[in-house]
Amino acid sequence: MDKRLFFRLYAHTIPVRGRERSALYDLQHGHVLRIPNACYDLIMQFRTHPIGVVERMQPEETVGWVEQYVRYLLSRDAGFLTDEPERFPELDLTWQTPHSLQTAIIGYAFGQYDLWLVLRQLDRLRCQHLELRLDGGPEDLEQLPEQLTEFDDAAFRTITLFIRHQPLLSRTRFVEGLYEQCRKIDRIVVYDCPEDERKPKTEHVLYTGKSLEEMRPQQPRYIINLNYFSECQRFNPFYNRKVCIDQRGEIRNSLGQPRSFGNVRTCAIEEVIGQPDFQELWHVSPDQIEDLRDSELRYCLFVADELEKDTGSGLYRIRQRTRPAPAVPA
Amino acid sequence: MNALIQEELFPEETLQRLPLSYRYMARLHSEGFQENFSHHRFSRSWMHASNAYIGTGTYKPLHDIVLQDLFAD
C-alpha cells in the first residue's frame, strides 16, 4: 500500500460517532456498517493527512491498526485511495423544502367536522402527502369516490387511505374502483378485516385483519437514505412539517399526542401550524433526544413515539407508547 | 430489470456500412428505466399548472405505520 496516498470515504458514505460504537452510513445503497470508535477517529485523521502521516501519529502499539482499517474499509467498498483528496468534497447535508407542510394525517369518523373543508385548507397550504384514516358506515363510504375526485387537481401528490372494514368493501369492487377513479390515491389499506372477507393483496390495495395499533412497527425500524439523514441533522423526521387531526377535529403534532393546539371547527390550520409552540417538535433533531444522542444509529432510527421535554437539561426524552396487551385466546 | 437483450440488432450487410460502434449497440427493456416513470401514477395539480403531476411517495413513513413493510409482508 502506498502510504503517501490519502484514504477518502465515498461522498455518500458518512461516518457517525456514537458513545460506544460508530457507524458508516452508505446513503446510496441504504445500509449501515458499524465500526469501532477507533476506526472513526482514524477516518477523521484521514481527512487531512495521508496514510503514512496518520500512522506516525499513532502510539506504537496501535500503528498496525491503520493499514488494517484501511484495508478493511477498502474491502467493504466504503472508500478509495487518492493523491488528490481536495477533488472529492464532502456531500452538502443541508435539508431544504419549499413546503410549509409535508404530510397531513387525518382521522375521520364522518360527522364530527367537515373533512372536505379541512382538505381544501391543506390544499391551499400545498401539503404534499395526505393520509386519511376513515371509520364510517356503508352510507358514508359510498359518498367517498365522488368527494375524493373533487381533489383530483389538488396539490397533494399522494393520498393514502386506511379504511376500517365494512362488508361493502370486500363484497363489491368498491375499493378497487376507488383506486382507479381517484388518481391521487397511492395505496388503500382495509384494516380490521375478518379473514373470510379478505381479498388477495395487490400492489396498491391490502386487506388486513390487523388494527391500526397492530400495524405499527413492533421492532426497531431503520430508514437509510440521504433525505432522511440530512433532515435528521436539524429536524425531527417524524414531526417535521406534519399536522395531524384526530376524529374530533383536534389539531396535534401526532395522533397519539395528548396536546391539542385547537380544533378545525374553530381554528384555521394555517394559523395553528405557524405557531412556534406547534413547530417546537419539528426542530427536535435526534441529537437533542436523550435516548438517541449517544447512539450511532440516531440518524436512521425511525421513532414514532411521543417526546417530552426535560426542563432541567433542555433535552427531550422518548415516552414509550403503552401498547395494548395482546389478546389472549379463550 | 435492465438486463441486456442479446440479439443482433442489424443485419451484417447493414453493419458493414455503419460505424463500428453500431456492432456494440444493445437493447434494454424500457420499463426498467426510472427516467421513463412508467411505474408512476400521474394526476393533475391546478396550483402547479400540471396535467402530469407525478405521484411520488416520500422517503420516510408518513406516520406511525410503515406502508412498505405492510405491502412487503
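Bear in mind that the values here come from a model prediction, so they are computed numbers and not experimental data. Quick note: numbers below take in every heavy atom, side chains included, and nothing from hydrogens, waters or symmetry partners. In what follows, chains are A, B, ... by sequence order, proteins preceding strands, each numbered from 1.
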statement: Bottom line for A/Thr202: the part with an atom under 4.5 Å from chain B's heavy atoms is backbone
- request: Sort out for me which residue in A/Ile223, A/Leu226, A/Asn227 forms a side-chain contact (heavy atoms from CB on, under 4.5 Å) with B/Tyr59.
  value: A/Asn227
- prompt: Which atom names give the shortest non-hydrogen contact between A/Pro217 and B/Val66, and what distance separates them?
  reply: CG-CG2, 3.7 Å
query: Quick one: does B/Lys60's side chain have a donor or acceptor within less than 3.5 Å of a partner on A/Asn225's backbone?
result: no
message: Quick check on the structure: residues of residues 180-187 of chain A within a heavy-atom distance below 4.5 Å of chain B, by number.
response: A/Glu180, A/Cys182, A/Arg183, A/Lys184, A/Ile185, A/Arg187
statement: When rounded to the nearest 0.5 Å, the distance separating CG of B/Asp64 from CZ of A/Phe302 is 7.0 Å
statement: Rounding to 0.5 Å, atoms OG1 (A/Thr160) and CG (B/Leu67) come to a distance of 5.5 Å
Closest contact, heavy atoms only, A/Leu130 versus B/Leu62: O-CD1, 4.4 Å
field: Contact class of A/Phe162 relative to chain B, heavy atoms under 4.5 angstrom
entry: side chain
message: Taking every non-hydrogen pair under 4.5 Å, which of A/Arg221, A/Glu131, A/Arg126, A/Arg124 racks up the most with chain B?
response: A/Arg221
message: Between A/Lys210 and B/Asp69 (salt bridge meaning N to carboxylate O under 4.0 Å), is one present in this structure?
response: no
query: Does atom CZ of B/Phe42 have more than 12 heavy-atom neighbours from other groups under 6.0 Å away?
result: yes
message: If I measure from the heavy atoms of chain B, does A/Gln128 come under 4.5 Å with its side chain, its backbone, both, or neither?
response: side chain
query: Does a sphere of radius 6.0 Å around CD in A/Glu146 hold more than 12 heavy atoms from other residues, nucleotides or ligands, not counting ones at 6.0 Å or beyond?
result: no
task: Taking all non-hydrogen atoms of both residues into account, name the closest pair between B/His63 and A/Cys244 and its distance.
output: CE1-SG, 3.7 Å
Greatest number of heavy atom pairs closer than 4.5 Å to chain B - which of A/Glu231, A/Arg157, A/Lys242, A/Glu203: A/Arg157
- prompt: Side chain, backbone, both or neither: which part of A/Ile105 has a heavy atom under 4.5 Å from chain B?
  reply: side chain
field: Nearest non-hydrogen partners of A/Ala155 and B/Ser45, listed with the distance
entry: CA-OG, 3.8 Å
- prompt: Just wondering, more than 12 heavy atoms not from B/Glu12 lying within 6.0 Å of its CD?
  reply: yes
statement: On a heavy-atom basis, the closest approach of B/Tyr53 and A/Ala154 is CE2-O, 4.2 Å
query: Quick check, are the ring centers of B/Phe71 and A/His204 under 6.0 angstrom apart?
result: no
- request: Please state whether the side chain, the backbone, both or neither of A/Val189 comes within less than 4.5 Å of a heavy atom of chain B.
  value: side chain
- prompt: Counting only heavy atoms not in B/Arg23, do more than 12 fall under 6.0 Å of its CZ?
  reply: yes
task: Count the heavy atoms belonging to other residues, nucleotides or ligands that lie under 6.0 Å from CH2 of B/Trp46, then report whether that count exceeds 12.
output: no
task: Drop me the distance from B/Leu70's CG to A/Met215's CE, to the nearest 0.5 angstrom.
output: 6.0 Å
field: Contact origin within A/Tyr228 toward chain B - heavy atom pairs under 4.5 Å
entry: both
- line: Closest non-hydrogen atoms of B/Gly57 and A/His129, given as atom of the first, atom of the second and distance, are C-CE1, 3.9 Å
